[in-house]
J.: 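Handing you a structure now.
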Amino acid sequence: MYIVQIASECAPVIKAGGLGDVVYGLSRELEIRGHCVEIILPMYDCMRYDQIWGLHEAYLNLSVPWYGGAIDCSVYCGWVHGRLCFFIRPNSGDNFFERGHYYGSGDDNMRFAFFSKAALEFLLRSNKRPDIIHCHDWQTGLVPVLLYEIYKYHGMGTQRVMYTIHNFKHQGFAGADVLAATGLGNAAYYFDYARLRDNFNPFLLNLMKGGIVYANFFNTVSPHHAWEAHHEKEGYGLGHTIHLYQYKFTGILNGLDYNIWNPEVDNFIPAPYGIDSYEEKANNKKALRERLLLRDADKPLVCYIGRLDDQKGVNLVHHAIYYTLARGGQFVLLGSATEKKINDWFKHEKAFLNDNPDVHIELGFNEELSHLIYAGADMIVVPSNFEPCGLTQMIGLKYGTVPVVRGVGGLVNTVFDRDYDQFHAPGDRNGFVFFNMDNNGLESALGRAIDLWYEKPEEFKKLALQGMEQDYSWNIPGDKYLEIYDLIRYKYPSLL
Ligand code: ADP
């Protein structure tokens with residue numbers, strides 16, 4: 001099968017979070033199985049050019065219709081750790097992808113509407129006719145809309161679209177100007193509730209809703225979150241749309257690329273280890289302490305790695321630091337905040353705790369350091385408010401770092417409480433779970449984890465090893481995506 005992924009991230013060249021890991025990991029898995037995969041990305045000025053091999057101009061003068069005229073683009077091509085990627089670079093005064101950041105501009109909707117249009121224009125002009133176009137999140141929600149409303153009539157009538165939603169909270173809102181710019185036109189038609197009109201604000205177009213309505217199949221990134229988005233508030237207003245299209249909706253757990261996230265072959269850690277050499281993990285703990293100037297003492301090391309925002313339960317992350325210290329543990333935090341208020345708060349904490357030999361706060365994005373933390377810590381906390389899938393707990397499991405998580409979204413599908421899980425045998429349990437989104441809730445799980453570490457170290461090790469044995473690779477999710485690709489290729493004709 002010939003599959004083209006259209007996305008705003010692909011790790012490690014462009015990574016703001018799990019989306020980047022998934023685009024890379026899924027593409028790799030599909031290629032291993034013999035499929036041809038290409039990835040189309042924006043060419044940001046701030047991406048990691050050192051992660052691209054053989055970057056060269058592949059298509060000159062791609063003229064992308066935009067408003068009444070056109071924007072001239074260059075398309076570059078290169079290999080990102082073996083994946084063939086095409087980068088779209090518009091040559092216009094808008095500087096859509098030359099802002100020093102991936103997201104966060106006032107005109108993000110226009111930037112990514114342009115990207116969606118340019119990606120399809122590139123496929124059309126370069127005569128690429130994939131069997132499946134797989135697009136991701138609100139940034140590419142317009143891809144199926146444009147395909148079935150415009151490009152279908154230009155010789156792209158057999159392409160089928162899979163649309164994966166990694167985060168319902170960010171849906172991409174726009175006004176009629178996006179219709180004018182992309183050539184969709186006809187505002188009355190698209191402002192219909194059955195098409196792109198936002199379910200709650202009649203004056204806005206909802207790009208994610210467009211993706212859902214027009215895609216041949218859509219999914220979110222874990223079975224439990226699929227249920228939450230359909231039936232609870234986690235759909236952020238799209239529950240009814242999901243309900244209408246439930247026949248083409250499912251939840252597929254993300255996989256982990258065990259070539260990258262695997263303590264046996266990880267180049268970023270000083271002491272590789274596996275299930276049979278778990279003792280080596282202690283050397284990584286030592287190295288982590290040395291690097292972060294933490295004291296070497298007989299204490300459990302708890303970590304948090306992730307964005308610092310409301311979704312991730314930032315208040316509980318903060319509480320976890322002080323609770324861990326109070327319980328005689330050490331804490332390492334690696335996180336980045338986009339909101340100034342949260343950033344300032346953690347900067348203050350960092351200054352306040354600077355001389356404490358049991359805690360380190362690292363603010364920023366640091367891929368290399370994250371590997372050492374996963375390998376060196378004993379536990380990882382993930383106290384999310386909502387969590388579509390969550391990769392950090394799965395990485396923690398592979399590194400024998402016991403997850404302490406809130407029971408929501410994909411965390412429900414991956415972490416099973418050592419003491420209270422009702423559906424898994426004791427030998428299949430792998431962590432600690434709490435439900436209440438408050439300090440007591442967090443303490444009820446983190447406290448049990450710290451107790452076990454101090455009081456029954458052999459039991460703690462057994463739990464960590466049970467987690468390491470579990471398979472959260474792309475093996476199973478790879479099958480599931482391929483099943484859906486096949487389904488929409490052969491059974492679902494064009495929906496509209
Ligand atoms: P998100 O909601 O951000 O997508 P996930 O748990 O799905 O959360 O994925 C987070 C990914 O980003 C993981 O690979 C994690 O290691 C990585 N990550 C998050 N924050 C940082 C950071 N500050 N530095 C390095 N890696 C990070």
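Both counts, for ligands and for their atoms, begin at 1 and track the order of listing. Side-chain atoms are counted along with the backbone in the values below, which use heavy atoms only and exclude waters and symmetry mates.
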J.: Any chance the side chains of Lys281 and Thr401 put a donor and an acceptor closer than 3.5 Å?
T.: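 Yes - a donor-acceptor pair under 3.5 Å links their side chains.
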J.: Enumerate donor-acceptor pairs with a distance under 3.5 Å from any side-chain N or O in residues 389-396 to protein atoms, sequence neighbours excluded.
T.:
from: Gln393; atom 1: NE2; to: Cys389; atom 2: O; distance (Å): 3.1
from: Gln393; atom 1: NE2; to: Gly390; atom 2: O; distance (Å): 2.9
from: Gln393; atom 1: NE2; to: Thr414; atom 2: OG1; distance (Å): 3.0

J.: I'd like the residue list for ligand 1, meaning every protein residue with a non-hydrogen atom under 4.0 Å from the ligand.
T.: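 Contacts of ligand 1 under 4.0 Å: Lys15, Gly17, Gly18, Asp21, Trp261, Ile305, Gly306, Arg307, Gln311, Lys312, Leu334, Gly335, Ser336, Gly364, Phe365, Asn366, Glu367, Ser370, Tyr374, Gly390, Leu391, Thr392, Ile395.
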J.: Have a look at Ser8 and tell me which of Trp138, Tyr44, Tyr103 forms a side chain to side chain donor-acceptor pair (under 3.5 Å) with it.
T.: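 Only one of Trp138, Tyr44, Tyr103 forms a side chain to side chain donor-acceptor pair (under 3.5 Å) with Ser8, namely Tyr103.
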J.: Less than 4.5 Å apart, side chain to side chain, heavy atoms only: is that true for Trp453 and Met379?
T.: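 The answer is yes, as the side chains (C-beta and beyond) meet within the 4.5 Å cut-off.
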J.: According to the salt bridge (Lys or Arg N to Asp or Glu O under 4.0 Å) rule, which pairs have a member within residues 347-364, sequence neighbours left out?
T.: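 The answer is Arg295-Asp358, Lys299-Asp358.
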J.: Got a sec, which residues hit salt bridge (Lys or Arg N to Asp or Glu O under 4.0 Å) with Arg291, two or more places apart in sequence or on another chain?
T.: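 Counting only residues at least two positions away or on another chain, Arg291 forms no salt bridge (Lys or Arg N to Asp or Glu O under 4.0 Å).
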